Amino acid sequence: MGKLKLYDINIPRESIVAERDAIYLSRTPEQRFFNVIQLNYISVTMNGGKPLKSPQGKGLIIRKPAI
């Protein structure tokens with residue numbers, strides 16, 4: 001699993017974005033792919049085992065759960 005990094009609110013957003021871009025670009029395509037799969041797994045877990053996106057006719061539609 002990945003790490004959660006907390007940033008000081010006094011750090012400019014641009015420097016945080018630049019740091020994250022550098023980390024992302026330093027990864028291989030395989031690592032990028034597996035990070036996306038890992039992120040999908042985490043999002044499904046946090047959504048109670050239900051995916052955030054599901055097939056509905058043509059393509060994937062993001063929908064809010066019916067309450």
Side-chain angles (χ1 to χ4, degrees):
M1 286 275 174
K3 296 179 182 177
L4 175 65
K5 184 170 183 178
L6 300 176
Y7 290 94
D8 184 4
I9 59 171
N10 297 323
I11 297 175
R13 186 175 297 246
E14 294 80 20
S15 65
I16 295 171
V17 170
E19 178 184 338
R20 290 180 179 176
D21 283 345
I23 292 169
Y24 178 78
L25 294 174
S26 69
R27 295 183 176 140
T28 65
E30 182 178 282
Q31 289 173 323
R32 293 178 193 172
F33 173 76
F34 285 117
N35 285 340
V36 170
I37 299 298
Q38 180 184 32
L39 182 61
N40 187 32
Y41 173 78
I42 291 169
S43 67
V44 169
T45 303
M46 293 182 70
N47 197 32
K50 299 177 183 174
L52 298 176
K53 297 179 180 181
S54 59
Q56 296 181 358
K58 298 180 181 178
L60 292 173
I61 308 290
I62 298 174
R63 62 183 166 91
K64 291 184 178 180
I67 298 176

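Along the sequence shown, the residues carry numbers beginning at 1. Small disclaimer: the values here were computed from a predicted structure and weren't measured. Scope of the values below: all heavy atoms of this structure, side chains included, with no hydrogens, waters or symmetry mates.
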A.B. asks: Has the side chain of Asp8 got a donor or acceptor atom that lies under 3.5 Å from a matching backbone atom of Ile11?
C.D. replies: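 Absent.
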A.B. asks: Where do Arg32 and Leu25 come nearest, in terms of heavy atoms and distance?
C.D. replies: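 It is NH2-O, 3.3 Å.
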A.B. asks: First locate atom CG of Asn40, then atom OG1 of Thr45, and finally report the distance between them rounded to the nearest 0.5 Å.
C.D. replies: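 Reported to 0.5 Å precision, the distance equals 9.0 Å.
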